[in-house]
Amino acid sequence: MGWHARLVIAIGGLELVLGIVLIMQAGALLSLDRPVPAPSLQIAGKQANQAAAAIIEGQSRERARRIAESLIAPPPVDASEIERVEARPPLGELGLAVRPKTPMPQDWRETLLYRPIATSSATFESMGWKVAISGAQHIGADQICSFRGEAWPCGERARAAFNAWLRGRALNCFLPPDVERFAIAAPCRLGKQDVGAWLVANGWAMALPGGIYGKAEAIARNAGMGIFGPPQ
């Protein structure tokens, strides 16, 4: 074996020894800096849940009271300790019910109502509408009046007088939009004549308190007109 071969073997042995030394030092360093493994989160969570359940179970056992052999009831609650809070506002407008639109006075219009039929001395029906003459108090159809001790069916007579005056002619009334038909109090005219003024002034209706027909009723009473006079 030549000196070249011996030199190669010597260098290889030195490298082997140096590698072993480096491996030993690296192992020592890793053992010193290696962190302690943390406990499993799943195990810790189970232990925490078991502890909380044990606390709740212990509290419920302490607070519960036996009211019968086989019935356990919760402890009584003091009503003074209960506090009512405001309801949570809606998350949006989609779940809110839409309020019906109320006709405003500026939306009302004069409307012709054809072939009106009196249902009392100050109410009538026409084209599906039920209208009470505003400002006038009707006389019930079954009302009985007395004049100097003599009784007479003034309610029927007042309704007949209203029908006779109408004679099926169209009334011009101030009504809301024709959205739906419902009973309503409204001012009406027959031509240029105010219907309420004619009824009250002739004694076939009375004026509502504080209304515009108070003077007309006073005149009818003094003159003995309509229901304030003798049987007709």
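Computed over heavy atoms, backbone and side chain alike; hydrogens, waters and symmetry mates excluded.
- Side-chain atoms of L171 and L112, non-hydrogen and from C-beta on, never get closer than 4.5 Å to each other.
- Between F162 and F124, the ring planes lie perpendicular to each other; the angle is over 60°, past the 30° to 60° tilted range.
- In terms of heavy-atom proximity, Q193 sits nearest to A197 at NE2-CB, 4.5 Å.
- Closest approach of S126 and P116 over heavy atoms only: CB-CA, 3.9 Å.
- Nearest heavy atom pair, residue A207 against residue E217, reads N-OE1, 2.7 Å.
- Counting only heavy atoms from C-beta outward, the side chains of Y213 and L199 never approach each other to under 4.5 Å.
- Residues P187 and D194 fail the side-chain proximity criterion, which asks for heavy atoms closer than 4.5 Å.
- A donor-acceptor pair under 3.5 Å links the side-chain atoms of R169 to the main chain of L166, judged by distance alone.
- S121 places a side-chain N or O within donor-acceptor distance of the main-chain N or O of I139, the cut-off being under 3.5 Å.
- Criterion: ILVMFWY side-chain heavy atoms under 4.5 Å apart, direct or through other members. Under it, V200 and L190 are not part of a common hydrophobic cluster.
- For the pair D142 and E156, the minimum side-chain heavy-atom distance is 4.5 Å or more.
- Looking only at distances, no side-chain donor or acceptor of N202 sits under 3.5 Å from a matching main-chain atom of W204.
- The shortest distance between side-chain heavy atoms of E150 and P231 falls below 4.5 Å.
- Between the side chain of N172 and the backbone N or O of R189, no donor-acceptor pair lies under 3.5 Å.
- Under a hydrophobic-cluster definition in which Ile, Leu, Val, Met, Phe, Trp and Tyr are linked whenever side-chain heavy atoms come within less than 4.5 Å, directly or via other members, I133 and W198 are assigned to the same cluster.
- Rounding to the nearest 0.5 Å gives a distance of 9.0 Å between OG1 of T123 and CZ of R159.
- Between A170 and Y114, the shortest heavy-atom contact is CB-CD2, 3.6 Å.
- Contact check for R109 versus F174: no side-chain heavy atoms found under the 4.5 Å cut-off.
- Checked by atom type and distance alone, the side chain of E125 never pairs as donor or acceptor with a backbone atom of I117 at under 3.5 Å.
- Residues T111 and C173 form no side-chain contact, since every pair of their non-hydrogen atoms from C-beta on lies 4.5 Å or further apart.
- Of the inter-residue distances, the one linking Q232 atom CD with M225 atom CE reads 8.0 Å to the nearest 0.5 angstrom.
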Would you sort out whether Q143 and R157 count as a side-chain contact (heavy atoms from CB on, under 4.5 Å), showing the intermediate values? CA-CA 10 Å; Q143 183 167 333; R157 181 67 184 89; over 6 Å; no

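- Rounded to the nearest 0.5 angstrom, L175 CG and E110 CD are separated by 9.5 Å.
- Inter-residue side-chain proximity for V195 and W165 is flagged as met; some heavy-atom pair is nearer than 4.5 Å.
- In this structure, the separation between CD1 on I227 and OG on S146 is 12.0 Å, given to the nearest 0.5 Å.
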Evaluate the side-chain contact (heavy atoms from CB on, under 4.5 Å) criterion for residues W152 and I144: first the C-alpha distance (whole Å), next the side-chain angles of each, then the deciding distance (0.1 Å), finally the verdict. CA-CA 6 Å; W152 62 288; I144 302 298; over 6 Å; no

